[in-house]
Amino acid sequence: MSLIKDLVEKVKAKNPAEVEFHQAVEEVMESLEPTVERHPEFVKANIYERIVEPDRSILFRVPWVDDKGNVHVQKGFRVEYNMAIGPYKGGLRFHPSVNLGIIKFLGFEQVFKNSLTTLPMGGGKGGSDFDPKGKSDNEVMRFCQAFMRELFRHIGPNTDVPAGDIGVGGREIGYLFGYYKKIRNEHTGVLTGKGLEYGGSLIRPEATGYGAVYFAAEMLNVKGESLEGKTALVSGSGNVAQFTCEKLIDLGAKPMTLSDSSGYIYDEAGIDREKLDFAMDLKNVRRGRIKEYAEKYSGAVYTPVDPSLDYNPLWNHKADTAFPSATQNEINEKDARNLVNNGVKVVSEGANMPTTPEGINVFLDKKILYGPGKAANAGGVAVSGLEMSQNSLRLSWSREEVDQKLQGIMKAIHKAAYETSKAYGDAGNYPLGANIAGFVKVAKAMLAGGVV
Ligand code: NDP
Ligand code: 2IT
């Protein structure tokens, strides 16, 4: 058995039931196979086995009190994955599905993603099985305070800098930071995604979605094409989906779908600025369901989730591009085939690991321009890195400055992934290029640091 296959089997045996973690490790490790021959020094120092094991996984109890006085207990997680190139960095996810395997898959991906950003950030991820949906602001605040009551002792601006992810946006970061400040008596850049009034960066809320669109534009540019006039399927309706739509509209493309966990809307005429404003207010202020979009705009069709289907009808519309921006494994093999059959030529992943391994193979076989999450959605954490820089410098950059830097970083990530895929004999295989480019930098730093 090869070193890589052997290692993947070992990871599965040692971490039973962590299926998303197995999937992420297998996907990355298999593409690192050609590095084994080129880098005997990595083999000698056993970098491959060391990089799949997190530095530490912190699990804690989060008790909180609801508005009626009932006491609830949630699980809390922070996986500090790898510190070779910078402090641990990565988001917090609050969603009922959260478990250790999901946090580990996200933390593992984050190591390579952060390496690709060109900024000095290690990888980490955290979260809780708390469900913010249907909770009052006071309940969310008390939960965030309870969560930070334990998390504070593990994080710090030079140690570990969390941010948002699913279920954690500006409101939650505000409560988390407020409580950290109170108990530490310190105002530092310990979290990113902060509000502008208290140390946040312009463009951070927009950065993941904008970045995914910039990455798609870069991939198209290699073929001498642009996004102008192209139609787009977008899933999700949260932070990433909203700003993906915004940038698509800015660049003259036409987003036609949005979704949440209850269903999706298809608006053949396109989601324009006014309709997007409605969707943003619906999701961010009223915290309602995407179904209401079709109640407001009669040209749009709402389709509820049908659990008996083995495919997602959102991916079965004619379109030029697709931007999965909801969650992991939302595009299976059948969805990937439907996308290809409907004319989709570009897939840029706003979400983390939204495509199953079988789906990825379809995209690679059909030579789709396929930007994997760790490259395409790295704009969010990249601007988090810029927020850390601004906090350290105690100044703030203008919108234009941050956007320019974000565009430069997305170009650099595209170039690194593309050039690396070429150097390894498969030009345009972005997952291959992104995994190897992200890995080699971290591996060299680990090598330099000795066995620690
Ligand atoms: P939000 O919480 O703002 O939005 C998530 C959206 O996805 C919601 O519309 C939600 O619907 C839907 N969704 C979540 N879980 C599921 C599920 N299990 N099934 C169906 N729909 C679901 O999160 P973000 O927009 O921040 O995150 C979206 C994706 O992007 C995630 O994969 C995240 O890891 C990734 N990402 C986020 C970054 C960021 O900066 N925020 C950076 C890089 C990647 P509902 O409201 O019904 O739950
Ligand atoms: O998956 C991700 O890259 C994020 N959720 C953003 C992490 C961050 O630290 O900004």
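Side chains are part of it too, since the values below use all heavy atoms of this structure and drop only hydrogens, waters and symmetry mates. Note that ligands are numbered from 1 as they come in the structure, with each ligand's atoms numbered from 1 the same way.
- Using 4.0 Å as the threshold, Arg93 has no heavy atom nearer than that to any atom of ligand 2.
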Residue pair Lys283, Gln242: steps toward the side chain to side chain contact (heavy atoms under 4.5 Å, CB included) verdict: CA-CA 9 Å; Lys283 282 290 159 181; Gln242 293 171 14; 3.6 Å; yes
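- Protein heavy atom closest to atom 2 (C) of ligand 2, with residue, atom name and distance, is Lys113 NZ, 3.2 Å.
- Taking every non-hydrogen atom of Gly164 and a distance limit under 4.0 Å, the qualifying atoms of ligand 2 come out as 4 (C), 5 (N), 6 (C).
- Contact atoms of ligand 2 toward Lys125: 1 (O), 2 (C), 4 (C), 5 (N) (distance under 4.0 Å to a heavy atom of the residue).
- Comparing Ser384, Gly379, Gly350, Gly193 against atom 10 (O) of ligand 2, the shortest heavy-atom distance belongs to Ser384.
- Formation of a donor-acceptor pair under 3.5 Å by the Lys12 side chain with backbone atoms of Val8 is not found in this model.
- Side-chain N/O atoms of Asn377 and Asn352 include a donor and acceptor closer than 3.5 Å.
- Under a 3.5 Å cut-off, the side chain of Glu30 and the backbone N or O of Glu27 do not form any donor-acceptor pair.
- Tyr198 and Phe177 have their aromatic ring centers within a separation under 6.0 angstrom.
- Below 4.0 Å from some heavy atom of Ala163 lie the following atoms of ligand 2, by number and element: 8 (C), 9 (O), 10 (O).
- For Arg204, the closest heavy-atom approach to ligand 2 falls below 4.0 Å.
- Between the side chain of Asn342 and the main chain of Asn338, a donor-acceptor pair closer than 3.5 Å is present.
- Given atom 7 (C) of ligand 2, the protein heavy atom at minimum distance is Gly91 N, 3.5 Å.
- Sorted by chain and number, the heavy-atom contacts of ligand 1 below 4.0 Å come from Arg93, His95, Lys113, Lys133, Asp165, Ile166, Gly167, Arg204, Thr208, Gly236, Ser237, Gly238, Asn239, Val240, Ser259, Asp260, Ser261, Arg289, Ser325, Ala326, Thr327, Gly350, Ala351, Asn352, Asn377.
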Residues Tyr88, His154; criterion ring-ring contact (aromatic ring centres under 6.0 Å, His included); working and verdict: CA-CA 11 Å; Tyr88 304 114; His154 307 290; over 10 Å; no
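- Here the side chain of Arg204 pairs no donor or acceptor atom with the backbone of Lys194 at under 3.5 angstrom.
- Of all protein heavy atoms, the one lying nearest to atom 9 (O) of ligand 2 is Lys89 NZ, 2.6 Å.
- Both the sub-6.0 Å distance and the 45° axial angle are satisfied by Lys135 relative to the ring of Phe130.
- Judged by the shortest distance from any of its heavy atoms, Gly373 lies outside the 4.0 Å radius around the atoms of ligand 2.
- Contact annotation for Thr208 and ligand 2: no heavy atom of the residue comes within less than 4.0 Å of the ligand.
- Between Tyr175 and Phe143, the distance separating the two ring centers is not shorter than 6.0 angstrom.
- Not one N or O of Pro162 is nearer than 3.5 Å to an N or O of ligand 2, by distance alone.
- When atom types are taken as modelled, the side chain of Asn312 and the backbone of Ile331 share no donor-acceptor pair closer than 3.5 angstrom.
- Residue Gln110 places at least one N or O, backbone or side chain, under 3.5 Å from an N or O of ligand 2.
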Phe278/Tyr297 under ring-ring contact (aromatic ring centres under 6.0 Å, His included): CA gap, chis, key distance, verdict: CA-CA 10 Å; Phe278 172 82; Tyr297 299 107; 5.6 Å; yes
